[in-house]
Amino acid sequence: MPNTFPKEAKLCGALGIAALYKNGKRFTAWPLRVTYQPTKGETQVLVWAPKSLFKHAVQRNRLRRLMREAYRLHQDTLISQSDSGVPSNFQIAFNYIDKEEQSYKTIEKAVIKALRKIKSNE
RNA sequence: UCAGCAGGUCGGUCUAUCGCGCCUUAUGGUGAGGAAAGUCCGGGCAGCACAGAGCACCACAGCGGUUAACGGCCGUCAGGCAGAGCGAAGUGAUGCGGUUCGCAUCAAACCGUGAAUGUUUGGUCACUGCUACAGAGACGAGGAAUGUGAAACGAGCAUACUGUGGGCUGCAAUUCCAAGUAAACCAACGUCUGAACGCUGCUCGCGUGAGUUGGAGGGUAGGAUGCGAGAGAAGCACGUGGUAACACGCGACUCGAGAUUAAUGAUAGACGCUGCCGCAUGGCAGUACAGAACCCGGCUUACAGACCUGCCUCACCU
RNA sequence: GGAGAGUUGUCUGAGUGGUCGAAAGAGCCGCACUCGAAAUGCGGUAUACGCAUUACGUCGUAUCGGGGGUUCGAAUCCCUCACUCUCCG
């Protein structure tokens, strides 16, 4: 499984995002809030750092890149442990909710925890 | 040299592994800034409008220059303020002589003076209007000693006047493609006694001529263009002119992002640079402000650290 | 990305350059009324520094988001910074 993250794996479009936040299940894995729902299409991921908490674009860009990188390196935890029969794909949104910039190690742990929780719930 | 100022340049480098956008496609190439920021000014560009006249509105304001343009920049004149230092008497503290004084050094505040430099203000008062409180009286008046007051017949100020400039809106502009839709209803005004619209703030004037506007309800939330090698009023070197801003000529030297839920990253290591510790190989800590969104010229604000250049007073040295 | 609007006491919110530390309402505090409360009525209610007093009134200065400027005088006009909100196809 290559650890790639092309543009097709990003969740785009206002309608899809609105539907995810309306219908998806959510839980918190500090410093992230995770919203997800199963989907028939490919797995798509959305990464988000709010402007109200981080005023400067540099901070938001950095957090977004860290979250995206953590997901890219650990996305196989969703797939590798799943049943070989029907592939279960999800739409997932990661929202950064802490007020301070955390290190990559912290975000990485949170992403792994979140992916395992999604896997075990389904 | 010390002290005080001013201006300019740069603002990390390399390797490995895993990744992202764009262009080409076995491959490969390329990928944030001096402020990309704030959006405070000015332009390019685009759409709409443009027979004409008048009135508003906005911006600017010594003088001269510069520029595509500017409220920017350069030069210069006048006034105010700041400014290292210097000076004088007094005060305080310390020391020495000495006995109710004298000398020396140091210190802080005030006063005077004040280099380089920085900062700020700068059209006019004939007309119109304003000038609170205080004051006998505040722009009306024959004069104005005292007092009041910022100002007392002298004026100051702008909403007044003069000069110059400005059509409006902004890339979510604009144009094209795809998909989809919704009529009916309610309210106001009106159909030649002229509603409404256009001349983009208003009036005149001119033109079009039966619907227009609002409410409620319904549909869409995609793609392309603009958009970056016709980038560019670009930078750099040299020459000429100019005090300078800058202009002209010449060289063909440099630069080469184009996302759209939004690329330009992550991890590990090495080297720079700065500080501390150590005799030392070295160790520890730090390495800023900050992220393009149509493109330029300025201004303003943020910024670890490094480098270069220039100006000037007193004192000292040669 | 672009275009605009705003910031005044604990809250909401007025305020033509001059009697403005600042209207009004809400809230809060005190008093009256009541057996007690509610409602009602009356009064009070920003902060800091300085001065004064046995103590309390009172007085002076500064503050209308922060900092500069214009003016005799600024909440008001101008510049700049910060923050909040609205609109766009």
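It should be emphasised that the depicted structure is a prediction, and the values quoted were computed from it without experimental measurement. Chain naming here is simple, since letters A, B, ... match the order of the sequence lines and numbering starts at 1 in each.
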**Report entry** Among B:A32, B:U261, B:C20, the one nearest A:Asn61 by side-chain distance
**Finding:** B:A32
Requested in this report: Could you work out the separation of B:U313 and B:G249 based on their P atoms and round it to a whole Å?
Outcome: 43 Å
**Report entry** C1' gap between B:G298 and B:C168, integer Å
**Finding:** 25 Å
Query raised in the report: Given that both distances must come in under 3.5 Å, which nucleotide forms a Watson-Crick or G-U wobble pair with B:A270?
Result: B:U13
**Report entry** Distance, C1' atom - from C:C59 to C:U34, rounded to whole angstrom
**Finding:** 42 Å
Query raised in the report: OP1 or OP2 of B:A263 sitting under 4.0 Å from any side-chain N/O of A:Arg64?
Result: yes
**Report entry** Beyond-backbone contact of A:Leu46 with A:Phe94, side-chain heavy atoms, under 4.5 angstrom
**Finding:** no
Report summary line: Checking B:U267, B:C18, B:G291 against the side chain of A:Leu73 (C-beta onward), the nearest is B:C18
Report summary line: Checking B:G19, B:U261, B:A292 against the side chain of A:Leu46 (C-beta onward), the nearest is B:U261
Query raised in the report: In Watson-Crick or G-U wobble terms, both distances under 3.5 Å, what is the partner of B:U191?
Result: none
Requested in this report: Of all the heavy-atom pairs spanning A:Tyr104 and A:Ala70, show the shortest one and how long it is.
Outcome: OH-CA, 3.9 Å
Report task. For B:C22 and B:A293, measure between their C1' atoms and round to the nearest Å. Result -> 15 Å
Report task. Determine the contact category for A:Arg68: base if any of its heavy atoms lies under 4.0 Å from a base atom, sugar-phosphate if only primed atoms, P, OP1 or OP2 are that close, otherwise nothing. Result -> sugar-phosphate
Report task. Could you let me know what B:A184 is paired to, Watson-Crick or G-U wobble, both distances under 3.5 Å, or none if it's on its own? Result -> none
Requested in this report: For B:G118, decide between syn and anti, treating a glycosidic angle within 90° of 0 as syn.
Outcome: anti
Query raised in the report: Across all strands shown, which nucleotide pairs with B:G258 by Watson-Crick or G-U wobble geometry, both distances under 3.5 Å?
Result: none
Query - Under-4.0 Å salt bridge between A:Glu69 and A:Arg72 - result: yes
Query raised in the report: Looking at A:Thr43 and A:Asn89, what are the two nearest heavy atoms and their distance?
Result: OG1-OD1, 3.1 Å
Query raised in the report: Given atom CG of A:Leu63 and atom C1' of B:A290, what is their separation to the nearest angstrom?
Result: 15 Å
Report summary line: Among B:A290, B:U267, B:U261, the one nearest any side-chain atom of A:Val58 is B:A290
Requested in this report: Using the C1' atom on both, measure B:G83 against B:A3 and round to a whole Å.
Outcome: 13 Å
Query raised in the report: When you check the glycosidic angle of B:G34, does it come out syn, meaning within 90° of 0, or anti?
Result: syn
Query raised in the report: Of the nucleotides B:A266, B:G291, B:A259, which one has an atom closest to the side chain of A:Lys7?
Result: B:A259
Requested in this report: Measure across A:Val47 and A:Met67 and return the closest heavy-atom pair with its distance rounded to 0.1 Å.
Outcome: CG1-CE, 3.8 Å
**Report entry** Partner of A:Gln37 under side chain to side chain donor-acceptor pair (under 3.5 Å), chosen from A:Arg26, A:Gln91, A:Lys25
**Finding:** A:Gln91
Query raised in the report: What is the distance from CD of A:Glu108 to P of B:C18, rounded to the nearest Å?
Result: 17 Å
Requested in this report: For the side chain of A:Trp48, starting at C-beta, report the closest nucleotide among B:G265, B:U261, B:A259.
Outcome: B:U261
Report task. State, with a plain yes or no, whether a side-chain heavy atom of A:Leu115 is found less than 4.5 Å away from one of A:Ile92. Result -> yes
Query - B:G140, syn or anti by chi within 90 degrees of zero - result: syn
Requested in this report: Take atom CE of A:Met67 and atom P of B:U261, then tell me their distance rounded to the nearest Å.
Outcome: 17 Å
Report task. Send over the distance from A:Leu20 CG to B:U261 C1', rounded to a whole Å. Result -> 12 Å
Query - Close side-chain approach of A:Leu63 to A:Phe54, heavy-atom, < 4.5 Å - result: yes
**Report entry** Counter-base of B:G217, judged by Watson-Crick or G-U geometry with both distances under 3.5 Å
**Finding:** none
Query - Nearest-Å distance for atom pair CZ/P, residues A:Phe5 and B:G21 - result: 10 Å
Query - Span that lies between the P atom of C:G2 and that of B:C294, in whole angstrom - result: 7 Å
Query raised in the report: Is the base of B:C20 touched by the side chain of A:Arg72 through a donor-acceptor pair closer than 3.5 angstrom?
Result: no
Report task. Calculate the interatomic distance between A:Ile107 atom CD1 and B:G265 atom C1'; express it in whole Å. Result -> 13 Å
Query - Spacing between A:Glu8 atom CD and B:A263 atom C1', to the nearest angstrom - result: 14 Å
Report task. Would you classify B:A196 as syn or anti? Syn applies when the glycosidic angle is within 90° of 0. Result -> anti
Report summary line: When both distances are under 3.5 Å in a Watson-Crick or G-U wobble arrangement, the nucleotide paired with C:C11 is C:G25
Requested in this report: Kindly point out which of B:A290, B:U261, B:G21 is positioned nearest to the side chain of A:Ile17?
Outcome: B:U261
Query raised in the report: Do you know which two heavy atoms are closest between A:Leu66 and A:Gln102, and how far apart they sit?
Result: CD1-O, 4.3 Å
Report task. Hunt down the Watson-Crick or G-U wobble partner of B:C22, both distances under 3.5 Å, from any strand shown, or write none. Result -> B:G29
Query raised in the report: What distance, rounded to whole Å, do you find between the two P atoms, one in B:U66 and one in B:A245?
Result: 14 Å
Report task. Taking only the side-chain heavy atoms of A:Glu69 (C-beta and beyond), determine which of B:G265, B:U267, B:G291 contains the nearest atom. Result -> B:G265
Query - Pairwise C1' distance, B:C40 and B:U301 [rounded to whole Å] - result: 11 Å
Requested in this report: In whole angstrom, give the distance that lies between atom CZ of A:Arg60 and atom C1' of B:A262.
Outcome: 12 Å
Query raised in the report: Quick one: on RNA chain B, does A:Arg65 or A:Gln59 contact a more 5' nucleotide (nearest heavy atom)?
Result: A:Arg65
Query raised in the report: Which nucleotide, in any strand shown, forms a Watson-Crick or G-U wobble pair with B:C106, with both distances under 3.5 Å?
Result: B:G92
Query raised in the report: Mind telling me whether B:G232 is syn or anti, cutoff 90° either side of 0?
Result: syn
